[in-house]
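One structure below.
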Amino acid sequence: MPELPEVQTVLDGLEAAVKDRIIADLEGYYPGTVRLSPGLPQSCFPRRFASFERRGKYMIIRLEGDLALIVHLRMTGKLVWDPSPGEILPHERARIILDADQAVHFIDIRTFGKIILCRTEEIAEYLPDLGPEPLSNEFDKAYLATALAKRKAPIKNALLDQSLVAGLGNIYVLELLYRAGIDPRREACGLSSLQLGRIVKHTKEVLAEALAANGTSVSDFRSIDDKTGEFQNFLRVYQKNECPRGHKIEVVKQAGRSSFFCPVCQK
DNA sequence: CAATGATCCTGTCCGC
DNA sequence: TGCGGACAGGATCATT
């Protein structure tokens with residue numbers, strides 16, 4: 001469930017906690033969670049953190065000496081900073097051991113999350129085809145018009161496609177479509193220029209607000225120091241019964257996922 | 001190329 | 001009380 005604002009929040013917290021520190025080791029406790037690029041040096045650690053970036057929902061953590069960690073939380077992944085780690089925790093799938101006997105736990109109930117260790121020149125190979133960052137200038141009305149021109153799928157499904165725009169998930173797509181006044185079932189290529197403009201505007205707006213609120217904590221999202229986000233307090237349709245104007249929210253399944261929308265406000 | 005459905009996985013919740 | 005099933009959902013893969 002972590003989407004762009006949640007991933008950025010976790011990454012910012014990680015950077016604050018471990019910047020200038022040294023990774024002593026990377027341990028995997030669940031098969032497939034940690035993946036090492038073939039042919040890496042015999043011992044990759046100890047090694048110092050160099051930089052912390054986000055691309056879509058991926059965290060890209062560069063290490064000195066041209067290596068990088070690519071971290072994806074998928075649905076239930078969490079990073080938890082721990083100044084005095086002990087035994088393996090419940091659902092702990094991997095652990096980044098730091099110097100001074102500290103650690104960052106990778107907790108992931110549903111085990112879909114991944115940590116990849118690779119050379120910096122291999123980063124692109126380990127990332128899928130990702131569309132523009134929604135907060136960048138590249139994501140504008142003209143881009144969207146071109147990208148959606150042949151998309152007959154519902155606009156909701158198109159916006160969840162990471163190769164079209166990178167970082168949106170179910171919650172923010174539904175929230176931005178409510179704000180834009182567009183029914184999530186509308187055919188993507190059938191939207192007017194005015195509507196595309198509203199999608200761009202409200203995508204940026206809802207993401208900026210969620211970032212300022214440190215993300216949305218539905219179920220169990222936490223930042224790295226276990227703080228909840230606050231944006232759940234500002235949701236207008238996701239898991240709501242009524243929209244802000246008092247209309248009844250409708251729920252439908254789209255591509256296997258729940259879509260919440262207001263049939264009065266969204267056309 | 002676009003779209004759909006199955007798959008991965010486990011905790012939680014609902015109905016019987 | 002307990003159990004089966006639905007559900008949650010991001011990304012990948014296979015299929016149409």
Side-chain angles (χ1 to χ4, degrees), chain A residues 1-11 28-35 54-60 70-79 88-94 105-116 123-131 133-134 144-177 184-191 207 210 215-222 229 231-232 235 237-241 249-261:
Chain A
M1 207 186 340
E3 306 177 33
L4 188 155
E6 291 75 36
V7 174
Q8 188 68 54
T9 298
V10 170
L11 184 63
Y29 307 133
Y30 184 88
T33 297
V34 173
R35 181 172 171 191
R54 180 193 53 72
R55 178 76 178 95
K57 299 173 194 170
Y58 292 81
M59 289 181 255
I60 299 167
I70 303 175
V71 180
H72 199 302
L73 303 172
R74 290 290 184 97
M75 270 112 66
T76 56
K78 292 197 273 188
L79 293 179
I88 299 175
L89 301 172
H91 305 123
E92 183 170 13
R93 310 305 184 187
H105 307 290
F106 186 71
I107 312 285
D108 184 18
I109 292 173
R110 275 175 266 183
T111 74
F112 292 173
K114 295 280 180 283
I115 299 179
I116 297 167
I123 291 172
E125 299 168 33
Y126 285 101
L127 294 179
D129 178 26
L130 294 171
E133 286 291 322
L144 207 50
T146 306
L148 295 179
K150 291 179 180 174
R151 297 281 199 139
K152 297 182 72 90
I155 183 63
K156 151 84 182 299
N157 301 28
L159 293 173
L160 285 175
D161 182 348
Q162 302 298 298
S163 69
L164 192 140
V165 56
L168 300 177
N170 207 36
I171 295 176
Y172 295 111
V173 166
L174 294 173
E175 290 296 314
L176 79 88
L177 286 175
R185 301 168 296 183
R186 286 287 301 275
E187 190 178 60
C189 59
L191 296 171
L207 291 177
T216 302
S217 290
V218 295
S219 74
D220 63 349
F221 169 75
R222 295 287 186 283
F231 195 71
Q232 64 276 12
L235 296 175
V237 287
Y238 184 78
Q239 291 185 346
K240 297 288 176 189
N241 294 317
I249 296 293
E250 212 168 293
V251 192
V252 296
K253 284 280 178 195
Q254 292 185 281
R257 279 168 199 98
S258 297
S259 286
F260 298 80
F261 67 102

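Chain letters run A, B, ... following the sequence lines, proteins first, then strands; residues in each count from 1.
- Spacing between atom CG of A:Leu160 and atom C1' of C:dG9 amounts to 10 Å, rounded to whole angstrom units.
- Near DNA chain B, defined here as any heavy-atom distance below 4.0 Å, there are no residues from residues 168-176 of chain A.
- Looking at which nucleotide of DNA chain C each of A:Phe260 and A:Leu127 is closest to, the 5′-most match is held by A:Phe260.
- Comparing C:dA8, B:dT10, C:dG10 against the side chain of A:Ser258 picks out C:dA8 as the nearest.
- Distance check, rounded to the nearest 0.5 Å: CZ of A:Arg35 to OH of A:Tyr126 gives 5.0 Å.
- Between A:Ile116 and A:Ile123 there is no side-chain heavy-atom pair separated by less than 4.5 Å.
- Counting to the nearest Å, the P atom of B:dT10 and the NZ atom of A:Lys78 are 16 Å from each other.
- The CG-P distance, from A:Asp108 to B:dC8, rounds to 16 Å in whole Å.
- Residue A:His72 places none of its side-chain N or O atoms closer than 4.0 Å to OP1 or OP2 of C:dG10.
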What does nucleotides 1-7 of chain B look like as a protein-contact string, B for base, S for sugar-phosphate only, - for none, at under 4.0 angstrom between heavy atoms?
-SS----
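- What separates CG of A:Leu130 from P of C:dA11 is a distance of 8 Å, to the nearest Å.
- The phosphate of B:dG11 (OP1 or OP2) has a side-chain N or O of A:His91 nearer than 4.0 angstrom.
- A sub-4.0 Å separation between OP1 or OP2 of B:dC9 and a side-chain N or O of A:Thr76 is absent.
- Classification of the A:Tyr58-A:His72 ring pair by plane angle, with boundaries at 30° and 60°, yields perpendicular.
- Listed for the A:Arg55 side chain is a donor-acceptor partner under 3.5 Å among the backbone atoms of A:Leu130.
- For the OP1/OP2 pair of C:dG10 and a distance below 4.0 Å, the side-chain nitrogens and oxygens of A:Tyr58 include no atom meeting the criterion.
- Listed for the A:Gln162 side chain is no donor-acceptor partner under 3.5 Å among the backbone atoms of A:Asp129.
- Here the side chain of A:Gln8 pairs no donor or acceptor atom with the backbone of A:Pro5 at under 3.5 angstrom.
- A 4.5 Å side-chain heavy-atom check between A:Leu79 and A:Phe106 finds at least one atom pair inside the cut-off.
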Distances for protein N or O near nucleotides 14-16 of chain C N or O, under 3.5 Å:
none

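- Separating the CG atom in A:Leu73 from the CE atom in A:Met59 is a distance of 3.5 Å, to the nearest 0.5 Å.
- At whole-Å resolution of the value, OH in A:Tyr126 and C1' in C:dA11 are 17 Å apart.
- Counting only heavy atoms from C-beta outward, the side chains of A:Thr76 and A:His91 never approach each other to under 4.5 Å.
- Side-chain contact between A:Tyr29 and A:His105: absent, with no pair of heavy atoms (C-beta onward) separated by less than 4.5 Å.
- In this structure, CG in A:Leu160 is found 7.5 Å from CG in A:Leu174, a value given to the nearest 0.5 Å.
- Here the P atom of nucleotide B:dT12 and the CE atom of A:Met75 are 15 Å apart, to the nearest Å.
- Looking at the side chain of A:Lys253, the nearest of the listed nucleotides C:dA8, B:dC9, C:dG10 is C:dA8.
- A straight line from CG of A:Leu159 to C1' of C:dA11 spans 17 Å, rounded to a whole angstrom.
- Atom CZ in A:Phe112 sits about 8 Å away from atom C1' in B:dT10, given to the nearest Å.
- Taken from CD1 in A:Ile107 to CG in A:Leu89, the straight-line distance is 4.5 Å, to the nearest 0.5 Å.
- The base of B:dG11 is not paired with the side chain of A:Arg110 by any donor and acceptor separated by under 3.5 Å.
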